[in-house]
Amino acid sequence: MEASRFEKLSDTAWRVAPFGAMRVPAIIYATESLIAEMDDKVFDQVTNVAKLPGIVRAAYAMPDAHWGYGFPIGGVAAFDAGEGGVVSAGGVGFDVSCGVRTHLTHLTREQILSVQQALADALFEHVPAGVGSEGEIALDDAETTAMLLGGAQWAVERGFGRAEDLDRIEEKGRATDADPAAVSEHARQRQRREMGTLGSGNHYLEVQEVAEIFDPAVAAGYGLIQGECVVTIHCGSRGLGHQIGTEFLREMVISAQQYGIVLPDRELACAPIESELGQKYLGAMRAAINCALANREIIGHLARQVFARFFERAELPLMFDVSHNTCKTERHAIDGETRPLFIHRKGATRAFGPGHESLPEALRPFGQPVLIGGSMGAGSYVLAGMETSERQAFSSACHGAGRRMSRHAATRAWGGRKVVDDLRAQGIIVKSPSLRGVAEEAPGAYKDVRAVVDSAQAAGLAKKVAFLKPLICVKG
DNA sequence: ATGTTC
């Protein structure tokens, strides 16, 4: 789309003044060339979000923004419950609490390369991946409830992880105020055999080399050492989160009129935070957050089991685990007054700056790790939250490279086999149950991740710490 | 994202 549709605030910040039913401005943080590459739908979606009741300050789009369901992916919006603010199922997304975690290995690139193929095969064999993938863990109804309440803490109690991991997960591995009773029987059933599975789409488990350091002090604080390798896991709440999203979206469409909400787009279905439906959704969504946190904890455990076969002394401590599809209650300053707000981040990462009280002590001086999942070929980045992000976008940053091409277009442009072969020629081993899935995820289907993170840094959302180059990718 | 079109 044309950047001229926006008022330029800086090279990486653009604004749309309220027009029509917009209650607040829309702001996009990206360079002119990234904006030029985006679909016009991003403009429509971010300005539609600005029309929702109770929205505060502005509707935001991150530099990786692209067309999503209702809200853009790469969207941030905050709502005030006391001013009729809403919660939107489409504003969280179907894959509730999809997120990324990175484990350190303190193994060198050479050590990984010495077993690269066998390690890739073993990870692929041990970590279930793909549509409908099922694991060894089967939950009965009581255990499902315990999991929905306990999140990663539940996983650790059941032996699928370590107690010291919890400090390195948002909210110490457990969302409070989850309401398992708000999760339907159908959603529970779908999750019965899906704990500890990657799923499909852009989800993956990668072994990555720390290939470049941008901020030595912060990298050292995070435990990232150039030439060593990390394990990064990207996945979410699987069938359970999807089912919750589907059911509440339907209910929110039906009830909108009753709550006096005029929807600028049916996909923006929402309910007042203070309504019965809004509270029920928040309870179910928090239960789905716990499902995703437990799921990633279990997958981390599975990765540790595989690494132990190859490297007896490898520990795989957790560096950080952060979700990028959530609605969270956080306190932020509005007009000089700190208020609790409901922050929707859809394909956007929380990015608290140095000193934030919610960060574990070991990370607090450096700011929150912001884990940016790039494509299989271009690699990923670790960023650090900056204090400036608080006033830019309620302490949020991008979450990935962002698609520049639809899945369908990608399958027309590339064959999965060729993508695997091309990556192999670059030293990257890809293992996937689906060649079509690999084609959809071809590196060329994504924006230039470097341009995205450079935009995020220039806009004051988060700063670059390290670049991670994949060596092994288990793709869902 | 998704028992990939309830």
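Residue numbering restarts at 1 for every chain, and letters A, B, ... go by the order of the sequence lines.
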Taking only Lys NZ, Arg NE, NH1 and NH2, and the carboxylate oxygens of Asp or Glu, determine whether A:Asp165 and A:Arg304 approach each other closer than 4.0 Å. yes

Between CZ of A:Arg436 and C1' of B:dT2 the distance, given in whole Å, is 12 Å

A:His186 near the nucleic acid: base, sugar-phosphate alone, or nothing, with a heavy-atom cut-off under 4.0 Å? base

Please say which of A:Val49, A:Asp64, A:Asp44 ends up in a side-chain contact (heavy atoms from CB on, under 4.5 Å) with A:Pro72. A:Val49

Output the rounded distance in Å from CD (A:Gln243) to C1' (B:dT4). 15 Å

Is it the case that the side chain of A:Asp265 and the backbone of A:Gly70 share a donor-acceptor pair, with hydrogens and angles ignored and the cut-off at 3.5 Å? no

Identify, between A:Val131 and A:Asp95, the residue whose nearest nucleotide on DNA chain B lies closer to the 5' end. A:Asp95

Would you say A:Arg238 reaches B:dT2's phosphate, i.e. side-chain N/O to OP1/OP2 under 4.0 Å? yes

In whole angstroms, the gap separating P of B:dT4 from CG of A:Leu198 amounts to 18 Å

Any heavy-atom pair between the side chains of A:Arg350 and A:Glu170 that's under 4.5 Å? yes

Spacing between A:Leu435 atom CG and B:dT4 atom C1', to the nearest angstrom: 16 Å

CZ of A:Phe94 versus P of B:dT4: gap in Å, rounded? 14 Å

Just the rounded figure in Å: distance from P of B:dC6 to CD of A:Gln189. 18 Å

Are A:Arg238 and A:Asp95 within salt-bridge range, i.e. N to O under 4.0 Å? no

Mind checking A:Gly437 for me? I need base, sugar-phosphate or nothing, with any heavy atom below 4.0 Å counting as a touch. nothing

Under 4.0 Å, heavy atoms only, any strand: does A:Glu440 hit a base, just the sugar-phosphate, or nothing? nothing

Considering every strand and a 4.0 Å limit on heavy-atom distances, what is the contact class for A:Gly201: base, sugar-phosphate, or nothing? sugar-phosphate

B:dC6 C1' sits how many Å from A:His242 NE2, rounded? 12 Å

So, does A:Ser200 get its side chain near the phosphate of B:dT2, meaning an N or O under 4.0 Å from OP1 or OP2? yes

Check the distance between B:dT2's C1' and A:His203's NE2 and give it to me in whole angstrom. 10 Å

